[in-house]
Amino acid sequence: MLALSAIGGQASAQTAAAPAPPQPAQELPQVEVTTTPQPKKTVKAKAKPKKAPPVQTSGAPSPATPADNLAATGAATATKPGLNLDLPDQTGSRLGLTPLETPASIEVIPGVTIRERGQNSVVDAVTQNATGFTSTASPGNGGTSLGTRGFVGHGSVMQLYDGTRMYVAAETLTFPFNTWSAERIEVLRGPASVLYGEGAIGGVINVVPKKPTDYFTNEAEISYGTDATKRFGVGSGGPIGEQLAYRIDAAGTQSDGWLDPEGDFSDLALSGAVSYRPMRDLRFTISHDHGDQSPMRYNGTPLINGVIPDAIRFTNLNVADSDVHFLDNWSQIKTEWRPNEWFEVRNVAYRLASKRHWRNAESFAYQDSGPNAGLIERTAYFEIFHEQEQIGNRFDATLRTPLMETAKNEVLVGFDVNRIEFRHTNNFDDNGLSYVDPFNFVPGSFLNPGTTYPKFDTDTSQYSLFAEDRLTLSEELSIVAGIRLEHPSIERENLVTGSSFEKTFSDVTWRAGAVYTPIRDVAFYGQYATGVDLVGSGIVTLSQFASDFELATARQIEIGVKQIFWGGRGEWTLAGYDIEKQNLLSADPNDTQNIRQVGQQSSRGVEVAVALQLTDTLRYEGNVAVLQARYDEFVDPDSGADFADHRPNNVPEQIVNNWLSWAFLPQWEGHVGVRWVGSMYGDDANTYKRPGFTVVNVGLDYDVTENSEIALRVYNVFDELYAVYGDSTQWQLAPPRTGELVYRVKY
């Protein structure tokens with residue numbers, strides 16, 4: 001075995017007679033990453049030659065032996081800078097395939113990359129690193145909503161935590177949010193209902209947390225930045241005797257915010273896990289995560305004559321006593337048993353409890369005429385409470401069998417069951433109205449005539465049966481297929497009138513694809529996949545109106561190529577896709593009161609991603625997404641307007657990310673990121689176009705010692721004024737130019 005060691009900043013290779021225990025995986029400083037044990041692939045990415053190299057283990061499971069059939073704790077989670085095409089992921093397939101072996105578009109964003117670029121939120125990490133993603137996040141949807149491949153929102157881009165789906169209620173999801181405890185973020189683009197059920201036609205985001213490790217690792221970070229923004233992060237992991245290992249993390253933020261008034265925000269994330277291994281082929285892991293957020297109470301800035309005047313760019317038009325607070329608790333028990341090299345069983349039992357509260361004025365419209373001309377009409381005085389509990393269990397078993405000398409088969413079967421209880425409390429009966437002067441703003445107080453009380457309860461249950469299969473016909477050709485039977489049902493009770501209804505859905509989704517590798521580390525692939533979405537706000541808060549309709553269905557055709565080259569210093573992917581979504585709600589052009597499920601939306605595009613270690617000190621990573629999204633057949637159910645051939649709102653047709661890192665001196669490294677997003681429409685009628693934007697972020701790192709560094713980050717360097725999303729009257733603005741100074745240490 002080849003081990004890496006460093007003394008005085010110089011790396012040396014040593015040959016060990018027996019496998020050495022894993023050393024702490026250091027994200028800082030980063031010099032060299034060597035992946036083993038796969039003899040055919042050795043990847044080295046040397047970024048800072050004067051720094052001590054981290055020793056990382058490959059994501060590939062250790063070859064099974066009678067003495068030890070499970071990979072070492074923590075060994076299956078290590079990543080390296082780049083696309084990680086040769087490391088197994090858990091999002092694109094449950095069979096433990098690498099992106100190179102999977103006929104789909106998959107990216108793995110390493111935690112080391114996320115922290116190196118100062119991306120403190122999951123949304124920032126995904127949109128700035130992954131190919132073709134945009135944000136539609138606001139406090140109203142939990143601040144985590146995303147879009148890709150022409151489909152936006154929680155109903156089409158699903159989010160997972162450690163491989164488990166979190167059900168969206170009232171178009172809202174509030175966990176996870178902080179990236180400190182994330183070992184990596186895995187991204188799957190395109191329909192994924194065959195893996196995770198309804199609600200994933202656009203794609204899937206999976207935040208994989210740091211796990212207990214068989215080696216000691218400790219890390220901490222503090223920062224101070226613009227607007228008195230203070231952050232901290234601390235984490236520790238390691239063994240407790242021969243059978244136990246642990247991992248604990250804590251991170252928090254407090255800031256005065258860039259808006260005035262009511263611009264402050266704060267959050268706290270705590271997580272802990274213990275792994276118990278009574279036998280070499282059996283492991284139990286118990287974990288708990290706690291999230292407490294008080295996001296900025298900002299819902300947008302009104303356009304005045306089509307623009308945002310500089311005088312109100314930093315004005316928050318919310319009420320003085322606004323409030324937003326999210327509280328999430330996630331508990332999980334994972335069991336892994338691998339008695340031999342051809343059989344494996346996994347089970348995950350979990351509970352997620354969420355409590356959420358909003359009290360805001362959320363809609364603002366400039367009055368250009370009438371008695372209130374020059375004022376902002378402030379409406380949607382919403383007070384909302386969510387109480388949500390999700391309890392579930394997922395089980396799967398994998399069987400690997402040889403068929404002949406060059407052929408083998410891997411098959412996985414499993415089931416997923418869960419139950420979600422949800423209560424919605426609101427004041428939707430009376431929402432309030434006021435007028436304010438944007439240039440001489442007086443916040444005022446929340447208007448609530450006492451109509452906030454529980455409105456409805458829902459009880460959602462779901463079960464699914466799923467299977468995956470990979471048939472390896474030869475070293476060059478494999479076939480990957482999957483199927484899933486989904487059976488969700490909901491009972492909803494109106495707590496005001498006492499009325500109720502029940503609805504059950506059932507659908508079968510599947511995918512089939514092939515991967516052809518004519519030469520080592522070059523994979524051509526093709527795939528056909530199907531998916532389903534619910535019409536409306538999701539299964540948990542399905543309305544009586546939406547319950548009259550069936551699931552929207554989709555199909556995707558995708559082809560592409562992936563390659564690792566230049567001795568592992570380069571990786572690239574190219575994908576072309578065509579998605580068609582049917583059964584959208586559409587009005588009858590001759591009778592707009594007749595709502596039919598005949599609408600259709602399509603999206604087709606090309607995506608390219610590249611990671612290159614150009615020299616020992618210069619690294620480039622970037623991606624480009626170009627797409628065309630259209631309503632093929634769609635008559636608006638509200639207005640009766642025909643929107644055929646129109647682009648869906650908040651969907652850009654070009655997205656480009658570029659990152660360049662240069663270790664220009666032995667202890668110094670600089671980073672530059674440039675993100676360009678094309679123009680978007682703010683309405684389905686395509687009457688209002690929001691301009692595209694370019695954002696530049698920079699960073700400078702200085703190594704104080706081999707295990708500590710100081711980093712300076714500047715975000716939105718040129719102070720670009722742009723919106724995360726918006727319509728013809730109101731924009732949700734992104735932050736202006738900000739900066740922070742960070743100190744990190746590993747010990």
Side-chain angles (χ1 to χ4, degrees), residues 83 89-94 99 102-109 122-123 125-137 141 144-161 163-168 171 173 176 184-208 482 484 509 511 513 525 527-534 538 552-560 562 573 575-581 601-609 623-627 629 648 650-653 655 657 677:
L83 303 181
D89 76 279
Q90 64 182 47
T91 305
S93 169
R94 292 191 174 94
T102 308
S105 291
I106 301 167
E107 288 177 84
V108 180
I109 308 170
V122 172
V123 168
V126 172
T127 56
Q128 295 177 24
N129 296 321
T131 307
F133 277 83
T134 55
S135 168
T136 57
N141 59 38
T144 59
S145 181
L146 295 161
T148 188
R149 289 194 170 181
F151 301 91
V152 299
H154 287 308
S156 292
V157 181
M158 184 182 293
Q159 298 192 33
L160 316 174
Y161 186 67
T164 298
R165 172 186 179 180
M166 293 166 291
Y167 277 79
V168 176
E171 301 180 354
L173 194 64
R184 65 188 185 275
I185 298 177
E186 299 178 351
V187 176
L188 170 63
R189 301 189 301 279
S193 296
V194 68
L195 291 168
Y196 305 107
E198 49 80 22
I201 283 180
V204 169
I205 306 298
N206 183 19
V207 178
V208 181
R484 182 184 181 100
T509 53
R511 69 174 182 179
Y525 72 91
Q527 180 191 202
Y528 185 95
T530 65
V532 290
D533 279 354
L534 273 165
T553 60
R555 63 102 183 113
Q556 174 185 261
I557 300 172
E558 180 176 336
I559 59 173
K562 311 172 187 181
T573 67
Y577 64 89
D578 184 288
I579 304 175
E580 190 175 273
K581 181 178 180 180
Q601 177 183 343
S602 64
S603 177
R604 54 189 58 88
V606 176
E607 297 165 341
V608 180
N623 50 67
V624 178
V626 179
L627 65 92
N650 289 308
V651 174
E653 293 192 323
I655 305 168
N657 288 315
V677 178

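Positions are given from 1, in the same order as the sequence printed here. Atoms considered below: every heavy atom in the structure, side chains included; atoms not considered: hydrogens, waters and symmetry mates. All figures in this text were calculated on a predicted structure; none of them were measured in a lab.
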If only atom types and distance count, is the side chain of Asn141 paired as donor or acceptor with the main-chain N or O of Thr136 below 3.5 Å? yes
Polar side-chain atom of Glu653 near backbone of Ala625 as donor-acceptor pair, under 3.5 Å: no
Has Thr144 got a side-chain atom pairing as donor or acceptor with Leu173's backbone, closer than 3.5 angstrom? yes
Determine yes or no for a side-chain-to-main-chain donor-acceptor pair under 3.5 angstrom, with Glu186 supplying the side chain and Gly92 the backbone. no
Pairing residues for Asp533 by the salt bridge (charged side-chain N to carboxylate O under 4.0 Å, His left out) criterion, not counting sequence neighbours: Lys581
Who passes side chain to side chain contact (heavy atoms under 4.5 Å, CB included) against Thr573, sequence neighbours left out? Leu83, Leu85, Lys562, Ala609
For Ala192, give me all partners under side chain to side chain contact (heavy atoms under 4.5 Å, CB included), at least two apart in sequence or on another chain. Leu188, Tyr196, Ala200, Val204
Contacts of type side-chain hydrogen bond (donor to acceptor under 3.5 Å, both in side chains), residue Glu171, not counting sequence neighbours: none
Take Arg604 and Glu580, measure what side chain to side chain contact (heavy atoms under 4.5 Å, CB included) needs, and give me the verdict at the end. CA-CA 9 Å; Arg604 54 189 58 88; Glu580 190 175 273; 5.7 Å; no
Judged by modelled atom types alone, do Glu558 and Tyr525 share a side-chain donor-acceptor pair under 3.5 Å? yes
Applying side chain to side chain contact (heavy atoms under 4.5 Å, CB included) to Ser93 and not counting sequence neighbours gives Leu95, Leu97, Glu468, Arg511
For Asn206, enumerate each residue passing the side-chain hydrogen bond (donor to acceptor under 3.5 Å, both in side chains) test, keeping only those at least two apart in sequence or located in another chain. Thr91
Give me the atom names and distance for the closest heavy-atom approach of Val123 to Ala137. CG2-CB, 4.5 Å
Would you mind reporting whether Asn623 and Val608 have side-chain heavy atoms less than 4.5 Å apart? no
Quick one: does Ile185's side chain get under 4.5 Å of Val126's, heavy atoms only? yes
Walk me through whether Asp578 and Arg555 qualify under side chain to side chain contact (heavy atoms under 4.5 Å, CB included). CA-CA 8 Å; Asp578 184 288; Arg555 63 102 183 113; 2.8 Å; yes
Contacts satisfying salt bridge (Lys or Arg N to Asp or Glu O under 4.0 Å) that involve residues 192-206 (not counting sequence neighbours) are Arg165-Glu198
A side-chain contact here means heavy atoms from C-beta on lying under 4.5 Å apart; do Gln159 and Leu146 qualify? yes
Which residues pass the side-chain hydrogen bond (donor to acceptor under 3.5 Å, both in side chains) test with Glu607, sequence neighbours left out? Arg149, Arg189
Side chain to side chain contact (heavy atoms under 4.5 Å, CB included) between Val152 and Val651: does it pass, once the steps are laid out? CA-CA 8 Å; Val152 299; Val651 174; 4.0 Å; yes
Is Ile557 atom CD1 crowded by more than 12 heavy atoms from other residues, nucleotides or ligands, each under 6.0 Å away? yes
With a 4.5 Å heavy-atom cut-off, do Tyr577 and Leu627 have their side chains touching? yes
Thr102: what forms a side-chain hydrogen bond (donor to acceptor under 3.5 Å, both in side chains) with it, not counting sequence neighbours? none
Residue list, side chain to side chain contact (heavy atoms under 4.5 Å, CB included) with Ser193, at least two apart or on another chain: Thr509, Val532
Check whether any side-chain N or O of Thr148 sits under 3.5 Å from a backbone N or O of Phe133 as a donor-acceptor pair, and report yes or no. no
Please list, chain by chain and in numerical order, all residues satisfying salt bridge (charged side-chain N to carboxylate O under 4.0 Å, His left out) with Arg94, sequence neighbours excluded. none
Is a side-chain donor or acceptor of Asp89 paired with a backbone partner of Ile106 at a separation under 3.5 angstrom? no
